[in-house]
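Any value given below was found using the heavy atoms of this structure, including those in side chains, with hydrogens, waters and symmetry copies removed. Both ligands and their constituent atoms are indexed starting at 1 by order of listing.
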Amino acid sequence: MNKRDLEAKRIVIKIGTSSLLYQNTSQLNLRAIERLAFVLSDLKNQGKEVVLVSSGAIGVGMGKLGLTKRPETIPAQQAVASVGQGELLGIYEREFQNYGKSVAQMLLTRDVLVYPQSKKNVFNAFQELLKLNVIPIVNENDTVSVDELDHKTKFGDNDQLSAVVADLINADLLIMLSDIDGFYSSNPLTDPNAELYHTVTSIDSSIIQSAGGRGTKFGTGGMVTKLKAAKRILSNNQKMVLANGENPRIIYNILAGEPVGTLFEPKQVATKEGLA
Ligand SMILES: Nc1ncnc2c1ncn2[C@@H]1O[C@H](COP(=O)(O)OP(=O)(O)O)[C@@H](O)[C@H]1O
Ligand SMILES: N[C@@H](CCC(=O)OP(=O)(O)O)C(=O)O
């Protein structure tokens, strides 16, 4: 299979809860987090600009509070998320510190990106952080924004938020790490004949129909929100790779253009000079 052209300087990496916690427990996958911090720090050392969009607040909060079942009400989920978010950031801070890197917490809501002034403020904050060589770590501000928590996501989930961030800062690439090797013709957890799509260039209703819900009790949006994110990326002439985050070193393979995961790229990438 041909190598992909994924030369990227400004990269948004989204990691889902399912990659940060061991399946069916609310215990942290410390190895995955350590490797993620290593790879992202190494990319910074290579001169790349990196933004991490990390889920996991609810999952980490559940672990901290000793809950085995995800709370059902929105206020309870919000409370658990706010316990977990501090803990999550603390873990990242420690891990990134091992490599001499500073991180910043950015909790965003849908409306900050809808209002032009808020959008500009967020953009400016990103620019300054990147100038300061800091790695911004983004999550939805769960105590304010509840769209994603009721699992009837209209807009506000970290999959789509990562696409919004990629759009806002004009990223060269969005890498979405999940607990699955990519986007399949149907949910591989339930269909053994599901086939992996290597490249997707457009998203229509038939493609959306092959997307199912979340894989673990911690995940939120499942494949549907990832496809919605991909749709936004494609309509902005940007690129996204969906891959398995079990070993975050896969980011090196992706950036080397190796055919791992599913690449979402527009058929014709527009350049400043015209269509490539
Ligand atoms: N067509 C599909 N291709 C791949 N995965 C799918 C598909 N439909 C549903 N899924 C499910 O989506 C899950 C990933 O979404 P989710 O659990 O929300 O993860 P994350 O926490 O990484 O956001 C996979 O584990 C898989 O079970
Ligand atoms: N903001 C919440 C849920 C975010 C979310 O989209 O979760 P996921 O499907 O694991 O990416 C959290 O941090 O737990």
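For ligand 2 and Thr17, the ligand atoms under 4.0 Å from any heavy atom of the residue are 7 (O), 8 (P), 10 (O). Residue-ligand proximity, Gly16 to ligand 1, at heavy-atom distances under 4.0 Å covers atoms 20 (P), 21 (O), 22 (O). Remark: ligand 1 atoms within the under-4.0 Å shell around heavy atoms of Pro188 are 3 (N), 4 (C), 5 (N). Less than 4.0 angstrom separates some heavy atom of Leu189 from each of these atoms of ligand 1: 27 (O). Atoms of ligand 1 found under 4.0 Å from any heavy atom of Lys14 (numbered from 1 in listed order, with element): 23 (O). For ligand 1, the atoms closer than 4.0 angstrom to any heavy atom of Thr17 are 21 (O).
At least one N or O atom of Ser178 sits closer than 3.5 Å to an N or O atom of ligand 1. In terms of polar-atom proximity, Gly222 is counted as a contact of ligand 1, with an N or O under 3.5 Å from an N or O of the ligand. Residue Lys226 places no N or O, backbone or side chain, under 3.5 Å from any N or O of ligand 2. An N or O contact shorter than 3.5 Å is missing between Gly16 and ligand 2 by distance. Ligand 2 has no N or O atom lying under 3.5 Å from any N or O atom of Gly59, backbone or side chain. Between Ala57 and ligand 2, at least one N/O pair is under 3.5 Å apart. Residue Lys14 has at least one N or O atom closer than 3.5 Å to an N or O atom of ligand 2.
Aromatic rings from Tyr197 and Tyr184 are positioned such that their centres are separated by 6.0 Å or more.
The option from Asp179, Val224, Ile180 that lies nearest to atom 25 (O) of ligand 1, judged by heavy atoms, is Asp179. Among Gly61, Ser55, Ser18, the residue whose heavy atom lies nearest to atom 5 (C) of ligand 2 is Ser55. Taking all heavy atoms of Asn187, Ile207, Ile208 into account, the minimum distance to atom 27 (O) of ligand 1 is reached by Asn187.
Residue contacts with ligand 1 for Met176 are absent, since no atom lies close enough (heavy atoms, distance under 4.0 Å). Residue contacts with ligand 1, taken as heavy atom pairs separated by less than 4.0 Å, involve Ser18 via backbone and side-chain atoms alike. When non-hydrogen atoms are compared, ligand 2 lies under 4.0 Å from the side chain of Asn139 (C-beta onward) but not from its backbone. Looking at Gln85 against ligand 2, nothing comes within 4.0 Å, counting heavy atoms. By the criterion of a heavy-atom distance under 4.0 Å, the side chain of Asp142, and not its backbone, is placed next to ligand 2. When non-hydrogen atoms are compared, ligand 1 lies under 4.0 Å from the backbone of Ser186 (N, CA, C, O) but not from its side chain.
Taking a 6.0 Å sphere around NZ of Lys48, one finds it holds more than 12 heavy atoms contributed by other residues, nucleotides or ligands. Around atom CD of Gln46, more than 12 heavy atoms belonging to other residues, nucleotides or ligands sit under 6.0 Å away. Shown here is Asn2, whose CG atom has no more than 12 heavy atoms of other residues, nucleotides or ligands within 6.0 Å. With a 6.0 Å radius and a threshold of 12 heavy atoms from other residues, nucleotides or ligands, Gln127 has its CD atom above the threshold. Annotation: Lys101, atom NZ; neighbour count of heavy atoms from other residues, nucleotides and ligands within 6.0 Å is above 12.
Judged by distance alone, the side chain of Ser210 and the main-chain N or O of Ser186 form no donor-acceptor pair under 3.5 Å. Thr262 contributes no side-chain N or O that, together with a main-chain N or O of Leu242, makes up a donor-acceptor pair within less than 3.5 Å. Formation of a donor-acceptor pair under 3.5 Å by the Ser19 side chain with backbone atoms of Ser178 is found in this model.
Residues Gln85 and Gln105 have side chains in contact (heavy-atom distance under 4.5 Å, counting atoms from C-beta outward). Looking at heavy atoms from C-beta onward, Leu227 lies in side-chain contact with Ile207 at the 4.5 angstrom threshold. Using a 4.5 Å heavy-atom threshold, the side chains of Glu246 and Asp179 count as separate.
Side chains of Tyr252 and Asp42: a donor on one and an acceptor on the other come within 3.5 Å.
Ligand 1 lies less than 4.0 angstrom from a heavy atom belonging to Gly182. Ligand 2 has at least one atom lying under 4.0 Å from a heavy atom of Gly56. Residue Ser55 places every heavy atom at 4.0 Å or more from ligand 1.
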task: Could you give me the CA-CA distance, side-chain angles and deciding distance for Leu6 and Leu263, then say whether side-chain contact (heavy atoms from CB on, under 4.5 Å) is met?
output: CA-CA 10 Å; Leu6 288 181; Leu263 169 66; 4.0 Å; yes
